[in-house]
Amino acid sequence: MCIIDSPCPGRILDDLGGGFAMGCTAGGIMYFVKGLWNSAKSQRMIGGLKHVFKRAPLLGGSFALWGGVFSCVDCGLLAVRQKEDPLNPIIAGFITGGVLGFRAGPIVALKNAAIGGIILALLEGSGVVLMALQMRKQREMTVSYTHLRAHETSLHRVCRLLLEKK
């Protein structure tokens, strides 16, 4: 169960809905192309749409299930560990992959768990690297007032003095 004052109940519902929308969208595109490809020339558009209506919600449901289990585990880890850091999603991805692969047996569950953990580790790692690069770039752009004063010309100095008098 999630901590009451954390945003976890909302996060779980958000990930369920977001996963369903993502799965339906990606599935809709994929299954429409597949339906176009496999239908007769005169029935391509109708065949593509029929395939979308049959198959895209199933993929959406799979994405929603993954998102929901992941969010529940992530919220559980937040409650147990009492901190939110990149390790929580990695562990949650590992556990989610294992839970969803459990029906196929322990070996498949372990493989799915490893894949889920690795994918989340790559995502979290890239997020940390991008954040560090962004912070470095921001530090480089910051210029002190003293540094600006060292480079001012006599014209700039007059303008600055006039502005400081106001």
Side-chain angles (χ1 to χ4, degrees), residues 1-41 43-141:
M1 198 73 176
C2 294
I3 301 170
I4 293 174
D5 57 355
S6 77
C8 277
R11 184 186 311 174
I12 293 169
L13 292 174
D14 187 41
D15 284 351
L16 280 168
F20 185 75
M22 221 182 337
C24 282
T25 302
I29 294 167
M30 181 178 72
Y31 289 123
F32 183 72
V33 171
K34 188 175 178 181
L36 284 173
W37 186 263
N38 292 330
S39 297
K41 283 189 178 184
Q43 298 289 316
R44 287 192 192 259
M45 190 64 74
I46 293 170
L49 290 174
K50 282 183 180 179
H51 207 57
V52 167
F53 288 124
K54 265 195 241 178
R55 303 294 303 166
L58 297 175
L59 190 60
S62 296
F63 272 64
L65 181 64
W66 205 97
V69 172
F70 174 82
S71 291
C72 287
V73 172
D74 194 29
C75 287
L77 287 170
L78 180 63
V80 170
R81 295 185 69 227
Q82 294 293 317
K83 62 181 174 179
E84 193 163 359
D85 61 0
L87 193 58
N88 283 355
I90 294 169
I91 296 170
F94 180 84
I95 292 172
T96 301
V99 166
L100 295 180
F102 193 72
R103 288 188 317 172
I107 293 173
V108 173
L110 188 60
K111 286 179 184 178
N112 287 353
I115 290 169
I118 289 169
I119 289 172
L120 266 297
L122 290 173
L123 289 172
E124 290 296 319
S126 63
V128 169
V129 168
L130 288 174
M131 184 66 75
L133 289 174
Q134 186 178 14
M135 294 300 290
R136 182 177 171 201
K137 197 175 201 179
Q138 190 174 9
R139 267 188 262 123
E140 289 174 359
M141 291 175 45

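Heavy-atom basis, side chains included; hydrogens, waters and symmetry copies ignored.
- Rounded to the nearest 0.5 Å, atoms CD1 (Ile95) and CG (Asp74) are 10.0 Å apart.
- Residues Thr96 and Trp66 are in side-chain contact: their nearest non-hydrogen atoms beyond the backbone lie under 4.5 Å apart.
- Here the side chains of Leu100 and Asn112 are not in contact, with every heavy-atom distance at 4.5 Å or above.
- A donor-acceptor pair under 3.5 Å is formed between the side chain of Asn38 and the backbone N or O of Lys34.
- With values rounded to the nearest 0.5 angstrom, Leu110 atom CG is found 8.5 Å from Ile107 atom CD1.
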Enumerate donor-acceptor pairs with a distance under 3.5 Å from any side-chain N or O in residues 123-130 to protein atoms, sequence neighbours excluded.
{"residue": "Ser126", "atom": "OG", "partner": "Leu122", "partner atom": "O", "Å": "3.1"}
{"residue": "Ser126", "atom": "OG", "partner": "Leu123", "partner atom": "O", "Å": "2.8"}

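- What you find for Lys83 and Asn88 is that their closest heavy atoms are O-ND2, 2.8 Å.
- Shortest non-hydrogen contact noted between Ala64 and Leu16 is O-CD2, 3.2 Å.
- With values rounded to the nearest 0.5 angstrom, Phe94 atom CZ is found 12.0 Å from Ile90 atom CD1.
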Please set out all donor-acceptor pairs under 3.5 angstrom arising from side-chain atoms of residues 45-63, sequence neighbours excluded.
{"residue": "Ser62", "atom": "OG", "partner": "Leu58", "partner atom": "O", "Å": "3.2"}

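- Residues Cys8 and Leu78 come closest through the heavy atom pair SG-CD2, 3.8 Å.
- What you find for Val108 and Gly101 is that their closest heavy atoms are CG1-O, 4.1 Å.
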